[in-house]
2 protein chains.
Amino acid sequence: MDQRINEVNGYLVSIFNDVLMIEERTLQMSQFKDVSIKEMHTIDAIGMYQEHTTSEVAKKLGITVGTLTVSVNNLVRKGYVDRVRSETDRRVVQLALTKRGRLLYRLHDKFHRDMVKETINEMGEKESEVLMQGLKNLHGYLERTKEQLPD
Amino acid sequence: MDQRINEVNGYLVSIFNDVLMIEERTLQMSQFKDVSIKEMHTIDAIGMYQEHTTSEVAKKLGITVGTLTVSVNNLVRKGYVDRVRSETDRRVVQLALTKRGRLLYRLHDKFHRDMVKETINEMGEKESEVLMQGLKNLHGYLERTKEQLPD
DNA sequence: AAATATTGTTTGAACATCAAACTATTTGAC
DNA sequence: GTCAAATAGTTTGATGTTCAAACAATATTT
């Protein structure tokens, strides 16, 4: 049992590191060299479809609003994000991707989907169901742990 | 199938973010408030047992040697890491954890192990085997992807 | 012995992050 | 309706992270 725990733990850690590393390198090799991995995640959190406020995106990313403002300044300057003041509440800023931002979003999304697709294709229907259940358990445990943390 | 991919992908992303967030918050609440999550991973890469050179640790972390030198400066100042010049090759620096560094290492390791243990305990022997197989597949795919990247 | 290679450090520039002070706007209390 | 309080976002100062490039010290090769 202890052995199993170490093995699963090891795979998880490796997977985390590899995904980040591959994402980062892939970006640097693409036409989007001016985007860091953190900026990529900000673009991902802003999302393709609806507009989202600064506060919403900051919460989703788990960073402060101030940090996001700075990052969005850079992304606007580089042409990936648009800032739009809300008409109904002039305090609110809606964030949205530019055309170029959406192009990058789709590229990144494809990387993620291909990664998972490849894994699942090697497994049967039943195994992939169990894998998902395992991830769901892990996710549930983490959500419960998060709730126990102060504020 | 497409739905399954989205679900697995979603869980993976959430798990990544949650683990990082929980690790960070747990550190801030502990007696180790002066250690960031990045520094924690550096401590983890230096490891409990053998000494490792600066180059080895940098490679493991996927950062440049220069970046590691700066980070190790801080960790030495804060009392978590010792630098020892190799006797056999005076260019080489061996990195090792101090007593306090080892204490933190064990705390972090326990967090990881508890996280996985909880998940596995909720599953039967067979399911945990399948979960591991899934993670192994994913890991294999990532390793192959990594090899295809230039240097 | 001199040229070359290796190991690590330093430095300058850009980004990431937070907390706290600040501005603009909206909401609520009276 | 006005004024106080709350809310949304920005700015700023401090610290950390990261890389590339220049550098220093040491080891290896020729």
Side-chain angles (χ1 to χ4, degrees), chain A residues 17 20-21 23-25 27-29 32-46 51-78 80-96 151, chain B residues 17 20-21 23-25 27-29 32-46 51-78 80-96 151:
Chain A
N17 292 337
L20 275 181
M21 202 262 261
E23 284 189 340
E24 188 132 41
R25 292 263 206 102
L27 271 178
Q28 290 316 304
M29 284 161 38
F32 302 105
K33 289 188 217 315
D34 60 347
V35 178
S36 75
I37 186 69
K38 296 278 185 180
E39 288 173 327
M40 182 65 249
H41 289 149
T42 300
I43 286 170
D44 191 70
I46 290 172
E51 299 189 331
H52 294 285
T53 69
T54 301
S55 296
E56 284 166 358
V57 174
K59 187 173 179 191
K60 194 165 171 185
L61 289 169
I63 60 181
T64 62
V65 179
T67 299
L68 184 58
T69 293
V70 174
S71 179
V72 167
N73 287 344
N74 292 327
L75 288 170
V76 168
R77 181 172 48 75
K78 294 177 188 170
Y80 293 96
V81 174
D82 279 334
R83 261 194 187 104
V84 186
R85 278 278 166 191
S86 161
E87 281 306 313
T88 55
D89 183 339
R90 305 279 307 144
R91 292 169 305 180
V92 171
V93 170
Q94 302 282 350
L95 299 175
D151 64 88
Chain B
N17 292 337
L20 275 182
M21 201 262 262
E23 283 189 340
E24 187 131 42
R25 293 266 206 100
L27 271 178
Q28 290 317 304
M29 285 161 37
F32 302 105
K33 290 187 216 316
D34 60 346
V35 178
S36 75
I37 186 68
K38 295 278 183 180
E39 288 174 327
M40 183 65 249
H41 290 149
T42 301
I43 286 170
D44 191 70
I46 290 172
E51 299 189 333
H52 294 285
T53 70
T54 299
S55 296
E56 285 166 357
V57 174
K59 187 172 181 193
K60 194 165 171 185
L61 289 168
I63 59 181
T64 63
V65 179
T67 299
L68 184 58
T69 294
V70 173
S71 179
V72 167
N73 287 345
N74 292 325
L75 288 170
V76 168
R77 180 171 48 75
K78 294 178 188 169
Y80 293 96
V81 174
D82 279 335
R83 261 195 186 103
V84 186
R85 279 276 166 191
S86 161
E87 280 308 314
T88 55
D89 183 340
R90 303 282 303 147
R91 293 170 305 180
V92 171
V93 170
Q94 302 282 349
L95 299 175
D151 62 87

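Note on naming: letters A, B, ... go to the chains in the order of the sequence lines (proteins, then strands), and numbering restarts at 1 for each one.
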Handout entry: Below 4.0 Å: OP1/OP2 of D:dC19 and any side-chain N or O of B:Thr67
Key = yes
It should be established whether B:Ser36 places a side-chain nitrogen or oxygen under 4.0 Å from OP1 or OP2 of nucleotide D:dT17. yes
By nearest-heavy-atom nucleotide on DNA chain C, the more 5' of A:Gly66 and A:Asp34 is A:Asp34
Residues A:Tyr80, A:Asp34; criterion side chain to side chain donor-acceptor pair (under 3.5 Å); working and verdict
CA-CA 10 Å; A:Tyr80 293 96; A:Asp34 60 347; 2.8 Å; yes
Under a 4.0 Å heavy-atom criterion, DNA chain C is touched by chain A from C:dC15 to C:dT26
So B:Val93, base contact, sugar-phosphate only, or nothing? Heavy-atom distance under 4.0 Å.
sugar-phosphate
### Task
Select base, sugar-phosphate, or nothing to describe what A:Val92 touches, counting heavy atoms under 4.0 Å on all strands.
sugar-phosphate
Once base and sugar-phosphate atoms are separated, protein heavy atoms under 4.0 Å mark nucleotides 23-30 of chain D, 5' to 3', with B, S and - as --BBS---
Listed range with range, the stems formed with DNA chain D by at least 3 consecutive Watson-Crick or G-U pairs (under 3.5 Å) are C:1-30 with D:1-30
On DNA chain D, more 5' by nearest nucleotide between B:Thr64 and B:Arg77 is B:Arg77
A:Arg83 and A:Thr69 have their tightest heavy-atom pair at NH2-O, 3.3 Å
Please report the distance, rounded to the nearest Å, between [atom1] in [X] and [atom2] in [N].
X       : N      : atom1 : atom2 : result
A:Glu39 : D:dT17 : CD    : P     : 18 Å
B:Ile63 : D:dA20 : CD1   : P     : 12 Å
A:Gln28 : D:dA20 : CD    : C1'   : 13 Å

Go through the steps for A:Ser86 and A:Thr88 under the test side chain to side chain donor-acceptor pair (under 3.5 Å), then give the verdict.
CA-CA 6 Å; A:Ser86 161; A:Thr88 55; 3.1 Å; yes
